[in-house]
Amino acid sequence: EGQWKGAPYIMADEDNQVVYVDRDRIYARGAIFDQPRYQVFRAGEELREPGSGRYLGTAGVYLGEAILDKDGDPATFTLTRTIGPVRAGDRLFELEPENELYNFDPHPVPPDTEGFILANLNDATQITQYSSVIINLGSQEGLEPGHVLAIYGQDRQIQDPVSGQTVTVPGERAGLLMVYKTHDLVSYGLVMQAERFIRLRDRVTTP
């Protein structure tokens, strides 16, 4: 939340439009801009830990890129590669080095690692193979890019039709995901295998 509030922001475009798209010229404030390109994000849903409700952060919704034309107050940018409408108040973040994002050494997480899927970054109702998801485990729990976790469905409470007792049926394995970016409290993972339906709040653990 602090990182988001301190990030530079888009103020307006040159034509006083409500939404901005590819090739629109925009104006931004809040930083000394010294990089040629920036990524544009909007605040998404709050991430809270299942059960405790502890706040873990806010998901950023990627909207595109902005090319710096001229630094100043405000600075001038041109939007490019937009995948959704950009608005005043959206934030600008520096691009991260590609070697940080794309060099992986897949390996299993430590034993007894346990967490949950909190959000689906693909803006879709279903989580499928190659979906990007957020889990409630981060660098504080020892996660790092390349860590592989198994996905299990949620346990279910059903009533035994003979005895009438309530019985817990364990969730079955639903797939595998690989972590590709970590923060302190959460990580981003790519679903590498989807063997069954995968849902929010499904469990992730040691393969």
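Quick note: residue numbers are just sequence positions, from 1.
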Find the distance between [atom1] ([X]) and [atom2] ([Y]) and round it off to the nearest 0.5 Å.
{"X": "D202", "Y": "I127", "atom1": "CG", "atom2": "CD1", "result": "7.0 Å"}
{"X": "D22", "Y": "E65", "atom1": "CG", "atom2": "CD", "result": "10.0 Å"}
{"X": "E144", "Y": "D105", "atom1": "CD", "atom2": "CG", "result": "8.5 Å"}
{"X": "T182", "Y": "L137", "atom1": "OG1", "atom2": "CG", "result": "11.0 Å"}
{"X": "I151", "Y": "I117", "atom1": "CD1", "atom2": "CD1", "result": "4.5 Å"}
{"X": "T166", "Y": "I158", "atom1": "OG1", "atom2": "CD1", "result": "9.5 Å"}

Kindly say whether [Y] contributes a backbone atom to a donor-acceptor pair with the side chain of [X] at under 3.5 angstrom?
{"X": "T82", "Y": "G64", "value": "no"}
{"X": "R196", "Y": "R173", "value": "yes"}
{"X": "R42", "Y": "P85", "value": "yes"}
{"X": "T206", "Y": "P110", "value": "yes"}

Other residues, nucleotides and ligands only: do more than 12 of their heavy atoms fall within 6.0 Å of [atom1] on [X]?
{"X": "F197", "atom1": "CZ", "value": "no"}
{"X": "Q157", "atom1": "CD", "value": "yes"}
{"X": "R201", "atom1": "CZ", "value": "yes"}

Is it possible for you to say whether [X] and [Y] belong to one hydrophobic cluster, with membership spreading through side-chain heavy-atom contacts below 4.5 Å?
{"X": "L190", "Y": "L118", "result": "yes"}
{"X": "V19", "Y": "I26", "result": "no"}
{"X": "V61", "Y": "L121", "result": "no"}
{"X": "V86", "Y": "M11", "result": "no"}
{"X": "V179", "Y": "V133", "result": "yes"}

Legend entry - Pairs meeting criterion ring pair (Phe, Tyr, Trp, His ring centres under 6.0 Å) with involvement of residues 8-28, two or more places apart: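 Every pair satisfying ring pair (Phe, Tyr, Trp, His ring centres under 6.0 Å) with a residue in residues 8-28: there are none.
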If you compare all heavy atoms of [X] against all heavy atoms of [Y], which two are closest, and at what distance to 0.1 Å?
{"X": "R203", "Y": "T205", "result": "NH1-CG2, 4.0 Å"}
{"X": "L79", "Y": "A66", "result": "CD2-CB, 4.2 Å"}
{"X": "G138", "Y": "S187", "result": "CA-OG, 3.5 Å"}
{"X": "D73", "Y": "R29", "result": "OD1-NE, 2.6 Å"}
{"X": "L176", "Y": "A150", "result": "CD2-CA, 3.8 Å"}
{"X": "A119", "Y": "L47", "result": "CB-CD2, 3.9 Å"}

Inset, instruction - Please say which of Y188, Y62, Y180 ends up in a side-chain contact (heavy atoms from CB on, under 4.5 Å) with S132. - result: Y180
Legend entry - With N136, the side-chain hydrogen bond (donor to acceptor under 3.5 Å, both in side chains) member among E114, R54, E141, E49: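 With N136 as partner, side-chain hydrogen bond (donor to acceptor under 3.5 Å, both in side chains) holds for just one option, E49.
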Inset, instruction - Would you please classify the geometry between the F77 ring and the F33 ring as parallel, tilted or perpendicular, with 30° and 60° separating the classes? - result: perpendicular
Legend entry - Set of ring-ring contact (aromatic ring centres under 6.0 Å, His included) partners for F116, sequence neighbours left out: none
Within the structure provided, determine whether [X] and [Y] are in side-chain contact (heavy-atom separation under 4.5 Å).
{"X": "E94", "Y": "Y38", "result": "yes"}
{"X": "R25", "Y": "T76", "result": "yes"}
{"X": "I10", "Y": "L92", "result": "yes"}
{"X": "H147", "Y": "T113", "result": "no"}

Inset, instruction - Establish, for the pair R91 and F41, whether the NZ or CZ atom is under 6.0 angstrom from the six-membered ring centre and no further than 45 degrees off its axis. - result: no
Legend entry - Partner set under side-chain contact (heavy atoms from CB on, under 4.5 Å) for I67, not counting sequence neighbours: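 R37, T80.
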Legend entry - L185 and Q140: CA distance, side-chain angles, deciding distance, side-chain contact (heavy atoms from CB on, under 4.5 Å) verdict: CA-CA 6 Å; L185 301 178; Q140 289 188 3; 3.4 Å; yes
Inset, instruction - Go through the side-chain N and O atoms of T168 and D155 and say whether any donor and acceptor fall under 3.5 Å apart. - result: no
